[in-house]
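Here's the structure we're looking at; comments come further down.
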Amino acid sequence: MTVTQREGTLRVATPAALSARARAEVAQSVARIFAIETDLSPFYNALADNDPLHWARGGAGRMLASPSVLEDLVKTLCSTNCAFSATRRMIAALVQLGGGAFPTAEMLRDAGAQTLIDDVRMGYRARSLFEVAERVCDGELDLESLRAAGGAREEAVAETLGSLHGFGPYAVAHAMQLLGFHRPLILDSWTRPTYVQLLGKRSRSDAAIRRDFARYGAYAGLAFWLTLTKDWVPG
DNA sequence: CGTCCAGGTCTAC
DNA sequence: GGTAGACCTGGACGC
């Protein structure tokens, strides 16, 4: 499957023709991957002409996400306390567990925590992932309802995510960005030094960093991310 | 071959 | 409320 952009429209090409049902599923997945329902116009409109992020009005700021919230949370969990190469290895192992696609909550639960340890080699993260999978299967946790585009409340989402084992401040902030809540700053061992270097300073506390972006209000976390990744944007 | 630690978090003081 | 110590794993290092 390939996705191309032309004249403000995303076009999806598949190797073979799809049924109407499959087309709808692909369309929904692509929409979620590119956060189509996220409306960034309040952020863009609030940027003054002399704002250092004024360039973002060209359309920057969409976070690439996964088709499902579960997948985003698992990927986030697998990014904690390890090198990015390890994150990718764990995700690849999970996809193998899923038979070539990302596994469902049922598949993760049925696999069992020990398989997550022995085969996926997730280490102590296996417990956290298994607990989430179990709660989703039990109907106790409705992850898809946490999307901003679905009308979820920011405070409630932060509380729910924070209550999950293995989800501390970094993981919650990261997951919330992917869910369409752009306030929390993703503070980790990459963003902190990157920002400090950008500032040309020797160090800066988390509190000071938050103060630097407080004026962006509900988009503070997005503003922080855009500041760090400006050189990722072509042109 | 041992030590360190990377896109952190939890627990126990 | 703040902070050591432990925690799986596997690359990257020093010796």
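The structure displayed is predicted, hence computed values, not measured ones. Chain A is the first sequence line, chain B the second, and so forth, proteins listed ahead of strands; every chain is numbered from 1.
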Report summary line: Ranking A:Val172 and A:Ala83 by the position along DNA chain B of their nearest nucleotide, the one closer to 5' is A:Ala83
Query raised in the report: Mapping A:His165 and A:Ser79 to their closest nucleotides on DNA chain B, which lands nearer the 5' end?
Result: A:Ser79
In whole angstrom, give the distance that lies between atom [atom1] of [X] and atom [atom2] of [N].
{"X": "A:Leu129", "N": "C:dC8", "atom1": "CG", "atom2": "P", "value": "15 Å"}
{"X": "A:Leu77", "N": "B:dT9", "atom1": "CG", "atom2": "C1'", "value": "10 Å"}
{"X": "A:Tyr195", "N": "B:dG7", "atom1": "OH", "atom2": "C1'", "value": "18 Å"}
{"X": "A:Met63", "N": "B:dG7", "atom1": "CE", "atom2": "P", "value": "17 Å"}
{"X": "A:Leu161", "N": "B:dT9", "atom1": "CG", "atom2": "C1'", "value": "15 Å"}
{"X": "A:Tyr170", "N": "B:dG8", "atom1": "OH", "atom2": "P", "value": "7 Å"}
{"X": "A:Met90", "N": "B:dA6", "atom1": "CE", "atom2": "P", "value": "15 Å"}
{"X": "A:Leu64", "N": "B:dG7", "atom1": "CG", "atom2": "P", "value": "19 Å"}

Could you tell me whether [X] contacts a base, only the sugar-phosphate backbone, or nothing, with contacts defined as non-hydrogen atoms closer than 4.0 Å?
{"X": "A:Leu164", "result": "sugar-phosphate"}
{"X": "A:Ala126", "result": "nothing"}
{"X": "A:Arg125", "result": "base"}

Report summary line: Sorted by position of nearest nucleotide on DNA chain C, 5' first, the leading residue of A:Thr80 and A:Ser85 is A:Thr80
Report task. Measure from the side chain of A:Asp188, starting at C-beta and using heavy atoms only, and say which of B:dT9, C:dT9, B:dG7 lies closest. Result -> B:dG7
Requested in this report: Please determine, for the side chain of A:Phe84, which listed nucleotide (C:dT9, B:dG7, B:dT9) has the closest atom?
Outcome: B:dG7
Query - Aromatic plane relationship, A:Phe224 with A:Phe213 - under 30° parallel, 30 to 60° tilted, over 60° perpendicular - result: perpendicular
**Report entry** Distance below 4.0 Å between A:Arg121 side-chain N/O and C:dT9 OP1 or OP2
**Finding:** yes
Query - Phosphate OP1/OP2 of B:dG8: any A:Ser189 side-chain N/O under 4.0 Å - result: yes
Query - Rounded distance [0.5 Å steps], CE in A:Met63 versus CG in A:Leu178 - result: 6.5 Å
Does a side chain donor of either [X] or [Y] reach within less than 3.5 Å of an acceptor in the other side chain?
{"X": "A:Ser79", "Y": "A:Tyr170", "value": "yes"}
{"X": "A:Asp39", "Y": "A:Tyr44", "value": "no"}
{"X": "A:Thr191", "Y": "A:Asp188", "value": "yes"}
{"X": "A:Thr87", "Y": "A:Lys75", "value": "no"}

Under 3.5 Å, N/O pairs linking protein and nucleotides 5-7 of chain C:
none

**Report entry** DNA chain B base-pair string [pairs: Watson-Crick or G-U under 3.5 Å; |: paired with another strand]
**Finding:** ||||||.||||||
Considering only the [atom1] atoms, how many Å lie between [N] and [M], rounded to the nearest integer?
{"N": "B:dC4", "M": "C:dG5", "atom1": "P", "result": "13 Å"}
{"N": "B:dT9", "M": "C:dG11", "atom1": "P", "result": "23 Å"}
{"N": "C:dG10", "M": "B:dC10", "atom1": "P", "result": "23 Å"}
{"N": "C:dA4", "M": "B:dG7", "atom1": "P", "result": "23 Å"}
{"N": "B:dC1", "M": "C:dC8", "atom1": "P", "result": "24 Å"}

Please determine whether the number of non-hydrogen atoms from other residues, nucleotides or ligands lying under 6.0 Å from atom [atom1] of [X] exceeds 12.
{"X": "A:Glu159", "atom1": "CD", "value": "no"}
{"X": "A:Glu144", "atom1": "CD", "value": "yes"}
{"X": "A:Arg62", "atom1": "CZ", "value": "yes"}

Report summary line: Taking every heavy atom of A:Ala133 against every heavy atom of A:Ala105, the minimum-distance pair comes out as CB-O, 3.7 Å
Query raised in the report: Side chains of A:Leu185 and A:Asp206: closer than 4.5 Å at any heavy-atom pair?
Result: no
